[in-house]
Amino acid sequence: MAFDPITAAIDLGTRLIDKFIPDPVEKEKAKLELLKSQQEGHLKDIEIQLSAIIAEAKSTDPWTSRARPSFMYVIYLYILAAIPMGIVATFSPETATGIADGMKAWLSAVPDMLWGVFGTGYLGYTVARSAWDKKK
């Protein structure tokens, strides 16, 4: 069975409505608005955005299919680096400050717009992947 991003978005929206809107009347109104959005084609934009992400996730190319998990490993490495940085800061606070300033300068060199695009893509990948895994 093929993955349908619109169906996944509707399912996700319906679950969120069920979870966060306690009033049954308001819940049904929200679900009706979600279905109207689908009919009006507003969810077509989501399908277009998710289709590229899904294509990447299905790719047999290891560089493409592992790009996002590899980024998470880099983030985990930064988090784990806090442990030895704490030890370095104990013995040489100037060295620890210099290392932190260097990392900050390096990450600041990445344009803000690129971080935004990456965050949006990663969030879309996560949602699509969760929906895909749940369908299986």
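Note that the numbering runs from 1 along the sequence shown for the chain.
- When all heavy atoms are compared, the tightest approach of T95 to S92 is OG1-OG, 2.6 Å.
- Under the 4.5 Å side-chain heavy-atom criterion for ILVMFWY residues, no single connected hydrophobic cluster contains both F91 and I83.
- A continuous path of Ile, Leu, Val, Met, Phe, Trp and Tyr side chains, each step under 4.5 Å between heavy atoms, connects W106 with I79, placing both in one hydrophobic cluster.
- Here the straight-line distance linking atom NZ of K27 with atom CG of L32 works out to 15.0 Å at 0.5 Å rounding.
- Here the CG atom belonging to D18 is positioned 9.5 Å from the CZ atom belonging to R15, to the nearest 0.5 angstrom.
- With hydrophobic clusters built from ILVMFWY side chains whose heavy atoms lie under 4.5 angstrom apart, I99 does not share a cluster with L77.
- A distance of 10.0 Å separates CD1 of I21 from CD of E28, quoted to the nearest 0.5 Å.
- Contact between L107 and Y78 at its shortest, heavy atoms only, is CD2-OH, 4.4 Å.
- Across all their heavy atoms, I17 and K31 have their closest contact at CD1-N, 3.8 Å.
- Dense packing is recorded around CG of D101, with more than 12 heavy atoms of other residues, nucleotides or ligands lying under 6.0 Å away.
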